Amino acid sequence: MAEITKEKMEQIAQMWNARGKGLITHMALEIEEVSSDGVRVRMPFNPDFCVDSDQTLLHGGILTALLDSVFGLANFVAIEGVSTMATLDLRVDYLRAARSRADVIVHAHCFRKTRHIAFNAGSIWFDGHEDAEIARGTASFALTRGDTSLFEAMTKGKAS
Amino acid sequence: MIDLQTVNANVSRVPFFRFLNFEVQSLDSLHAEAGMTFESRHIGNPIMEHYHGGIIASFMEATAAISVHPDFADVPAKPINLTVDYLRPGVKGPLYARANVTRKGKRIASVSVITWQTALEKPVAEGLYHFLLV
């Protein structure tokens, strides 16, 4: 895979931050690292994502949503000329109870890309506890390739 | 069997369930059905305004958890893992989910969930969820 240029990294960050609406904006994701090994993203603690009244236990669903989002990002980085991308399927194992108020760190990569399909894997842990993984997921994505890349549409057309 | 009003009162106490904004519409010992209201915070594709896949999976997980343990006191049933098949985009508008408890043992429950918008015959996603009951 080609090295990721600083310009492309900035575009990617801009694309995520310029969305203005939707779940990714609500999750306040911060891209920490983008390399050929994958991407690492931070999700700050948010009490809205908890299931308990003390607001210390994250719902599994938000971890699934986080993996799905970051897989998308990993594919943007790894694959050139993608015009649309749709999640085909997703599997997530919840490895331990997600009880903490620490930020959540997710690492995801694309381990195989073909003309039509991308395969992804990722892990989630609380900041500072990389040895205690809380969830792990794999997914496949259907890609359509074309001249009008979704990436360009989103970086150029940042309406809000 | 627990009544819908009590279940929805339980649902409204869970912060993340309020974030999803859904209501349980029917319930028996092996099924739960719920409807979710579209919110801009649910969007995954900001150009097309489709639901985020993770929100669809979260809503299915919530409905599945209620089908195995509708009268949860504090937190919903403990999820072990899930697989989801995304079949169609979830467009702007309400989304419905139906959870079927396929098997409920002493320790593990297996639940299949289907979500749709206009018709059950045109599912948006299907999922399989496992829960730990101990």
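Convention: sequence-line order gives letters A, B, ...; per-chain numbering from 1. Computed from a predicted structure; not experimentally measured.
The distance from the CD atom of E33(B) to the CD1 atom of I66(B) is 12.5 Å, given to the nearest 0.5 Å.
Ranked by non-hydrogen atom pairs under 4.5 Å with chain A, the options V14(B), V84(B), I55(B), D74(B) are led by V84(B). Between chain B and the options M27(A), H26(A), H59(A), heavy-atom pairs under 4.5 Å are most frequent for H59(A). Note: L82(B) leads L82(B), I80(B), L20(B) in heavy-atom pairs under 4.5 Å with chain A. Contact count against chain B (heavy-atom pairs under 4.5 Å) is highest for V92(A) among D68(A), T87(A), V92(A).
Proximity to chain A (any heavy atom under 4.5 Å) is restricted, for E49(B), to the side chain, taken from C-beta onward. For a residue to count as touching a neighbouring chain, one of its non-hydrogen atoms must lie under 4.5 Å from one of that chain's; by this rule P79(B) touches chain A with backbone and side chain alike. For L57(A), the part lying under 4.5 angstrom from a heavy atom of chain B is the side chain only.
Ionic pairing of D48(A) and R41(B) is not present here: no N-O contact between side-chain nitrogen and carboxylate oxygen is shorter than 4.0 angstrom. Salt bridge D89(A)/R91(A): absent, no basic N to carboxylate O contact under 4.0 Å.
With no hydrogens or angles considered, a side-chain donor-acceptor pair links Y94(A) and T64(A) at under 3.5 Å.
Formation of a donor-acceptor pair under 3.5 Å by the T6(B) side chain with backbone atoms of I2(B) is not found in this model.
A salt bridge (charged side-chain N to carboxylate O under 4.0 Å, His left out) with R40(A) is found for exactly one of E32(A), E30(A), E130(A), namely E32(A).
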